[in-house]
Amino acid sequence: MGKTIFDKIWDKHEVKIIEDGPSVVYIDKHLIHEVTSPQAFSGIEKRGVPLFRPAQIVATADHNVPTLHQELPIKDALSKFQVDTLIENCKKHGVELYGLGHQYQGIVHVIGPELGITQPGMTIVCGDSHTSTHGAFGAIAFGIGTSEVEMVFAAQCIMQSKPKLMRINIDGALKNGVVSKDIILYIIAQISASGATGYFVEYAGSAIRALSMEARMTICNMSIEMGARGGMIAPDQTTYDYMQGRMFAPKGAAWEEKLAAWKQLYTDADAKFDMEINIVAEDIDPMITYGTNPGMGLSIQGQLPTIESFTDTTEKQNYEKALKYMGLTAGQTLIGMPVQNVFIGSCTNSRIEDFRLVASIIKGKQKHAGIKTLIVPGSQEVAKQIKAEGLDKIFAAAGVEIRQAGCSACLGMNEDKIPAGEYCISTSNRNFEGRQGAGARTLLASPLTAAAALLTGKITDIREILN
Amino acid sequence: MQSLQKITSRFIPLRIENVDTDQIIPARFLKATTKDGFGKNLFRDWRYENDNEAQPKADFVLNQKQYAGEILVAAKNFGCGSSREHAAWSIQDYGFKVVVSSFFADIFKNNALNNGVLPVTVTDAFLQQIFAVGAKDTLTVDLEKQTITIDATGASEKFDINSYKKTCLLNGYDDIDYLLSMKAEIEAYEKANQS
């Protein structure tokens, strides 16, 4: 029987299989940040164990950094201490750090790919669930807890049971106004926030092949939002074109050698999956979420479920709890509803293509007076590119400020938060209660839908603007 | 890591599905650089009004005096979302040794096991039976036998755990001890797979 791309990479990285237990899996690349690494550093220090392979680790500061005045000391004492602890730990243990002020600093899942650190066939981990992003390059990439960060520090391996495998095929052509964020929100709405738990997902099909690398990253990024361990896409010419010439991508003869190996990374025609789902690209409309988990999403013109549509008592109670938190009514539509905030950023949608998309919508127009914005590039490199392409002028002319790189309002940890009770159209990945700040009401959507709301001050079908 | 063998305790019934780790411990509490003291912020925004410990929310189970114990029982898909191990630390620091649900998110399950907290997956029907018994009733979780029992009714169910993790938990071993013991094999792997 043939092998899936996942099998090919996993099997090559299995150092040992423990009987009735997990496998010991070798990790090629370990990305770390300030929030989930300090306890792992102190863990190995307490054990008196050195960092095993520091050259295979790259660090950045992203979750807990301000997005204004990064040149000044961080105001919040705890945040400053955490970021300083990362600097100290990296220095002490010989880890490469792209910290605040460094030209490569940015969200860990934005900088890995843009610097060419992320490569096909690798195993990549990070103490962050959105590590699945890197799967877009045909790598096995997934989020881990801090104990596992400590394992990789100590032995460059983690212990994981082989997950079940799912393939999601998306075939056809996307409709006007529909982008990769809509594809993944559609999938999660179809299979629920736990629909892929226990699985690793491969995305395939003609609609996926037609996507750019950045659009593929958006899809793989949100795999965790349906519970999947990770998501991946087999590499192809689009992947190689994106990678070639990047800072840490192989060069010259090494490139040719790697390329030949990467071209073997595909799922064999006779490989079997534990589960397979087929989706028709033409069925997908611009999507938006209405509830408090990413599975609670619908087409932008759609109607919220009625209370009566729930038969299970716990499910019904949970739906009512979500409606109460969101200030919404069962059966209503969202179109035309006023929003107060627009957040464009996060490891899901903060890359240059996202900014190009938004710029194409707001060019020559003005931000709605009632809208507060947080427009945050994913990295210093993205910020530089925005300037190089003159997009910053388009944003400025529309009355919109572009901030400095970081996770920003995705997670209500740093200074950027959405006020309690207010709505935010957000290009991020999670609409959990309080995710963007205590009491904040998040509506997840694509950069296009966010751009539309930025202009109109309300939930708007982007197709009305495009037509 | 603390070992765990058998526990009989009352339980806290949390009848909420898809409990994500942002609810278990909101991001603003992740600024710590140690593992200590997270328990007081467990379920912070469900527990208190206006982020104020003087204003406990009466309708939240952790604030209801009739419930107590070292076992947390939650509806399906517990621990989804962020990989933050702080969620497992919060649950352990609060005093829970076992979490029961009909379905756990993968990363949380690993994080719990790595901190000596046992995730017990039961069938949906058994979960409903647990929710149906009284606040004074106890559950017995026996890791050696891999059983969970509702003591009042005698209803019992077997749960899965792989034998490696079971041994670790029974003895308080952790994965890092294991990995450090196989350094030579890891180095041999590296040598064979240098690319």
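All chains are named by letter (A, B, ...) in the order of the sequence lines, taking the proteins before the strands, and each is independently numbered beginning at 1.
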Among A:Ser192, A:Gly437, A:Ala155, residue most engaged with chain B (heavy-atom pairs, under 4.5 Å): A:Ala155

Which atoms of B:Asp175 approach chain A - backbone, side chain, both or neither, heavy atom under 4.5 Å: both

Closest-packed option against chain A by number of heavy-atom pairs under 4.5 Å, given B:Cys80, B:Ala32, B:Ala75: B:Ala32

Contact class of B:Lys35 relative to chain A, heavy atoms under 4.5 angstrom: both

Contacting moiety of A:Ile18, where chain B heavy atoms sit under 4.5 Å: side chain

Residue, of A:Thr85, A:Asn64, A:Leu78, A:Asn293, that accumulates the most heavy atom pairs under 4.5 Å with chain B: A:Asn64

Residue, of B:Phe104, B:Phe131, B:Trp46, B:Phe29, that accumulates the most heavy atom pairs under 4.5 Å with chain A: B:Trp46

Atom group of A:Ile224 that falls short of 4.5 Å from chain B, counting heavy atoms: side chain

From A:Met159 atom CE to B:Tyr164 atom OH, the distance as rounded to the nearest 0.5 Å: 3.5 Å

For chain B, the option from A:Glu19, A:Arg53, A:Gln317 that forms the most heavy-atom pairs under 4.5 Å: A:Arg53

Residue among B:Leu30, B:Ile16, B:Ile176, B:Asn77 with most heavy-atom pairs under 4.5 Å to chain A: B:Ile176

Side-chain donor/acceptor of B:Asp106 to backbone N/O of A:Gly198, under 3.5 Å: yes

Side chain / backbone / both / neither for B:Asp177 at chain A, heavy atoms under 4.5 Å: both

B:Phe60, CZ atom: more than 12 neighbouring heavy atoms under 6.0 Å: yes

B:Asn52 atom CG, neighbour heavy-atom count above 12 within 6.0 Å: yes

Rounded distance [0.5 Å steps], CZ in B:Arg15 versus NZ in A:Lys321: 14.5 Å

B:Asp174 side chain reached by A:Ser147 side chain, heavy atoms, under 4.5 Å: no

Pairs of heavy atoms under 4.5 Å with chain B: top-ranked of A:Phe153, A:Phe81, A:Phe142, A:Phe52: A:Phe52

Which portion of A:His63 sits near chain B, non-hydrogen atoms under 4.5 angstrom: neither

Selection from A:Glu433, A:Glu150, A:Glu34 maximising heavy-atom pairs under 4.5 Å formed with chain B: A:Glu433

Enclosure of B:Lys6 NZ (heavy-atom neighbours >12, cutoff 6.0 Å): no

Heavy-atom closest pair, residues B:Phe103 and A:Ser194: CE2-CB, 3.8 Å

Where B:Ile107 and A:Gly145 come nearest, the two heavy atoms and their spacing: CG2-N, 4.4 Å

B:His86 vs A:Gln39 side-chain heavy atoms within contact, under 4.5 Å: yes

Residue A:Ile144 versus chain B: region with a heavy atom under 4.5 Å: backbone

B:Arg28 vs A:Met413 side-chain heavy atoms within contact, under 4.5 Å: no

Heavy-atom contact with chain A under 4.5 Å, split by part of B:Thr33: both

Residue B:Lys166 versus chain A: region with a heavy atom under 4.5 Å: neither

Sub-4.5 Å side-chain heavy-atom contact between B:Thr34 and A:Ser42: no

Under 4.5 Å from a heavy atom of chain A, the part of B:Ala105 involved: backbone

Gap between atom OG1 of A:Thr292 and atom CG of B:Asn18 - 0.5 Å precision: 8.0 Å

N/O donor-acceptor pair under 3.5 Å between A:Glu315 side chain and B:Glu17 backbone: no

Gap separating the CG atom of B:Asn114 from the OG1 atom of A:Thr146, nearest 0.5 angstrom: 10.5 Å

pair A:Glu148-B:Asn111: side-chain heavy atoms closer than 4.5 Å: yes

Under 4.5 Å from any heavy atom of chain A - which part of B:Tyr178: side chain

Under 3.5 Å side-chain donor-acceptor pair for A:Tyr26 and B:Glu190: yes

Heavy-atom side-chain proximity of B:Asp20 to A:Arg430 below 4.5 angstrom: no

Close side-chain approach of A:Val24 to B:Met182, heavy-atom, < 4.5 Å: yes

Heavy-atom contact with chain B under 4.5 Å, split by part of A:Val35: both

Contacting moiety of A:Val49, where chain B heavy atoms sit under 4.5 Å: side chain

Residues, nucleotides or ligands: over 12 heavy atoms within 6.0 Å of B:Gln66 CD: yes

Under 3.5 Å: donor-acceptor pair, side chain of A:Asp20, backbone of B:Ser163: yes

Residue part contacting chain B, namely of A:Thr314, when any heavy atom lies under 4.5 Å: both

Chain B contact via A:Asp84 - which portion, at a heavy-atom distance below 4.5 Å: neither

Between OG on residue A:Ser129 and CZ on residue B:Arg84, distance to nearest 0.5 Å: 8.5 Å

Spacing of CG belonging to B:Leu179 relative to SG belonging to A:Cys157, to within rounding of 0.5 Å: 6.0 Å

Residue selection (most heavy-atom pairs with chain B, distance under 4.5 Å) from A:Asp28, A:Thr197, A:Thr131: A:Thr197

